[in-house]
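Heads up: the structure comes next, in structure tokens.
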Amino acid sequence: MNSLSDGPKAEAITVVLVEDDAPTLWRLQDALAKAGYQVRAAGTLAEARACLAQGAPKVLLTDLQLPDGHGVDLIRETRRRFPDTEIMVISILGDEESVISAITVGATGYLLKDAFPTDIAATVRDLVAGHSPISASIARFIVRRTQSTPEPPPGPVLNTTKLTPREIDILWGIAKGFSYAEIASHLGLSRQTVPGHIKSIYRKLEVHTRGEAVFEAVQQGLIKL
Amino acid sequence: MNGHGDDVQPELPGRARRRLRSSRLTQYLLLQVVIAVAGVAVLLQSLPGPPAQYQLTAFQLTEAGAERAVTLPYFSLLRNAMTDPPHFRGHFIRPAGEAARAWSVFLPRFTNGVEVTVNDVVILDSRRDPAANRPDRNTPAIAVIPASVLRDGDNAISIRLFIWGPITGFLDRVWVGPDEALRPTYNLRTLVFVTLPVVFSSWQAILAVILGIMWVMRRHEPAYGVLAAAMAVGVGQAFLQTPMGETPFSRFNVILISSAPLESALVLVFALLLSGWKWQRYAWIIFIPGIALALAGLFGNQALVRALFLILAVPMVGISLLIMAVVTARSALQRQNVASFLLGCAVTIMLTCWIVDLLSVFQMMPNRIFTARLSYSAMLVAIGAGLTWRFARALNQVDGFAGRLVTQVREAEEKLKASFAREEERARAAALARERTRLMRDLHDGLGGQLVSIVALSERGNGSAGIGDAARAALKDLRLVIDSMDDIGGDLMLALGSWRERAMAQLRPHDIALDWRAVTAQGLPVHPELRPWHVIQIVRLLDEAVTNAVKHAKARRITVRIETLAGADGLERGCITVEDDGRGFEIAPDGGAAGAAKTARGLRNMRSRAARCGAELELSSCAQGTNKGTRVRLTLPHRFPDSDGAAG
């Protein structure tokens with residue numbers, strides 16, 4: 001997530017940007033356009049669907065609170081229709097309440113609305129390169145959920161049962177602020193394999209279908225048959 | 001004892017109380033008089049006898065060498081006549097045709113022993129029956145006359161009356177007739193004067209055991225022990241009979257004659273103790289008659305013992321009964337106590353019987369039936385009833401006490417629950433208020449100031465870059481506040497992880513490198529007592545250090561070192577060091593920065609934040625040389641303080 005080396009120019013990369021606040025939309029659009037991305041902007045859920053109808057984008061950046069609906073629905077639809085599209089949430093605070101619910105429907109990390117233009121471009125570039133970013137606070141939230149507690153913790157529901165011990169170790173490292181290199185050396189991994197693990201974590205946290213959601217709920221004992 | 005009376009009626013004035021007391025006394029005395037009169041009336045009733053046609057009353061008596069005609073019942077004046085006993089000679093007619101029926105001689109009452117001869121054949125010697133030898137028992141005697149001895153028509157009967165004291169001799173009327181006509185009367189007398197006393201003695205034995213157990217379990221109530229001893233003496237007296245003739249044990253057995261004064265003394269002590277009297281040393285005199293009699297029995301001869309019995313035992317019993325009558329009356333009146341009342345009635349019955357017995361001994365009664373010993377059963381019944389009453393009342397009190405206790409415990413529990421709920425509610429409200437205060441202060445410290453500066457910048461109109469910085473700082477602070485609310489389980493490393501991200505985002509535009517070094521493997525120790533406000537203070541302090549490095553020191557590289565140090569006291573302490581390679585500054589003697597006022601204020605802020613968390617802050621700065629730059633070293637406390645006391 002902090003690989004800031006100048007990569008190749010991303011001329012053909014299309015980004016669908018969904019944000020209802022016009023100044024924020026301009027700001028993000030400018031940052032991405034300057035980095036060479038082809039941006040299709042939308043202010044509402046309907047506009048976003050129209051943009052998606054034109055074809056699969058490489059990246060979808062979406063706000064969650066939209067005037068005519070919720071970004072989570074858009075993420076779910078996109079994930080189903082275009083499995084190859086990388087999806088990211090645009091968040092004001094990066095709080096787990098909104099980010100985790102987006103992750104469970106298929107988003108990969110989040111982008112802060114006030115991030116510096118260079119950081120915005122770098123994040124999208126890493127995303128396209130297959131490096132799924134994960135913040136310390138989100139990693140912390142996930143690993144706290146892997147610890148058993150007597151009563152269900154507040155906040156969004158998250159199923160962490162599929163995570164391997166190694167993946168949980170990686171999340172601990174990230175939550176404590178260690179870099180990928182430090183985590184890799186601690187765990188005896190190659191530094192290059194860490195982003196792959198993180199991608200895998202995202203996929204495992206994703207709840208794909210209604211049926212799977214029910215299945216997992218049964219597995220976790222949330223529903224009794 | 002007066003105290004008990006006062007307790008019963010504490011609210012009555014003296015006169016009313018006296019009147020109540022005298023009216024109660026009158027009632028009680030009247031009742032005792034009625035009991036005594038009824039007792040005398042019953043005692044005057046003679047027991048039913050066999051048909052009068054078989055009664056023999058006319059005898060020729062040879063007594064002390066003189067011969068004369070007497071009519072039974074006969075009171076002898078002799079107290080001791082063993083070698084030359086009074087000899088009664090008489091005749092009876094057996095009608096012809098009675099040979100098929102058994103005939104008997106029936107002697108309802110005699111003192112002390114009889115030998116009956118019919119037609120010169122001895123058919124009965126009562127001296128061989130230990131029960132019959134006791135003058136205090138009204139043991140009857142019956143003997144079937146062997147058929148071979150009897151003749152049709154006139155038959156001779158002679159009775160020798162042996163007398164060995166302590167009272168004078170006596171021979172009641174004699175019946176000679178068909179056994180079936182005499183037997184029912186004999187059986188009735190045996191039932192009343194032999195069987196019933198045995199039943200009561202058994203009852204006494206049971207009482208002795210019950211009272212003994214009660215005394216063993218309740219040593220602080222000697223009354224039960226004394227009564228148990230009395231019962232035991234009574235049982236021994238009843239079942240260990242005095243045999244006639246000198247057996248090796250007769251001297252030992254003669255002690256039993258002292259049982260009456262001993263038993264009455266013990267019962268008297270019991271009555272006194274029951275009425276609330278405390279044992280005094282002089283009270284031993286109560287036992288002197290009994291002990292003197294026992295010693296006389298051991299060392300003197302039987303004649304002496306019998307003589308002493310009359311002057312020691314009989315008055316002792318009477319005096320004991322009189323004292324008990326007074327004591328129990330007083331106790332019954334003052335305490336309104338069923339046990340004392342029953343005992344008082346029993347004492348009245350016994351006293352009546354004792355007086356009648358005394359009159360009988362002095363030949364003032366037509367007959368000689370002793371009932372004092374029998375009436376003692378009334379006292380045994382009263383004692384049993386009184387004990388049961390006390391036991392039941394004690395059980396009721398225990399039940400009542402247990403019930404009250406249960407109610408009280410339940411009430412206390414409910415009160416406690418209510419106060420606990422109140423306390424919990426109050427604590428929750430207080431926690432909420434504290435959290436709100438903290439949140440307000442944190443937002444005020446950070447976000448408030450930044451928003452104000454955004455307002456100021458926007459009013460100036462030309463500081464668009466400044467507005468951006470201020471707004472970004474405000475957002476950063478908002479994220480910090482929200483982040484700090486998250487439960488990190490006391491692991492400060494989790495908070496520092498987020499801080500690292502924010503610091504890197506802050507440093508990236510300035511092109512300053514952040515060197516992050518976790519020197520020890522686990523980073524910092526875990527602090528279960530860590531609270532969100534501690535986290536905010538530490539993160540703000542670190543922010544301050546980084547901001548100083550960016551704004552004032554013109555640093556190129558910032559190094560953050562995280563380690564756990566083992567202190568001199570053996571306790572582990574976390575340590576965070578922020579070091580830059582900037583210009584450094586001179587540190588004033590007071591610890592503040594000499595120079596820029598803004599830097600000075602920043603340092604003061606850092607010190608105050610460290611103090612609030614109980615952490616130590618060490619600042620060193622060097623303006624020149626190879627290791628120039630500023631170093632902020634924060635040593636965390638072993639235990640974070642609970643309250644924000646140092647905040648002021």
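- Contact check for B:Arg500 versus A:Ser179: side-chain heavy atoms found under the 4.5 Å cut-off.
- Residues A:Leu112 and B:Arg502 form no side-chain contact, since every pair of their non-hydrogen atoms from C-beta on lies 4.5 Å or further apart.
- Residues passing the salt bridge (Lys or Arg N to Asp or Glu O under 4.0 Å) test with B:Arg422, sequence neighbours excluded: none.
- Contact annotation: the side chain of A:Phe178 approaches that of B:Met493 to within less than 4.5 Å [non-hydrogen atoms, C-beta and beyond].
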Set out, in order, the CA-CA distance, both residues' side-chain angles and the distance that settles side-chain contact (heavy atoms from CB on, under 4.5 Å) for A:Lys113 and B:Leu475, then state yes or no.
CA-CA 10 Å; A:Lys113 287 188 182 180; B:Leu475 273 170; over 6 Å; no
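- A side-chain donor-acceptor contact under 3.5 Å links B:Glu501 to the backbone of A:Ala136.
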Let's go through B:Gln506 and A:Phe116 carefully: what are the C-alpha distance in whole Å and the side-chain angles of both, what is the deciding distance for side-chain contact (heavy atoms from CB on, under 4.5 Å) to 0.1 Å, and is it a yes or a no?
CA-CA 9 Å; B:Gln506 183 191 354; A:Phe116 290 104; 6.0 Å; no
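- Of the inter-residue distances, the one linking B:Leu494 atom CG with A:Ile174 atom CD1 reads 12.5 Å to the nearest 0.5 angstrom.
- With respect to B:Asp491 and A:Lys176, a salt bridge is recorded, a charged nitrogen being found less than 4.0 Å from a carboxylate O.
- B:Arg508 places a side-chain heavy atom less than 4.5 Å from the side chain of A:Asp119.
- Legend: residues meeting salt bridge (Lys or Arg N to Asp or Glu O under 4.0 Å) with A:Arg140, ordered by chain and number and at least two apart, are B:Asp483, B:Asp486.
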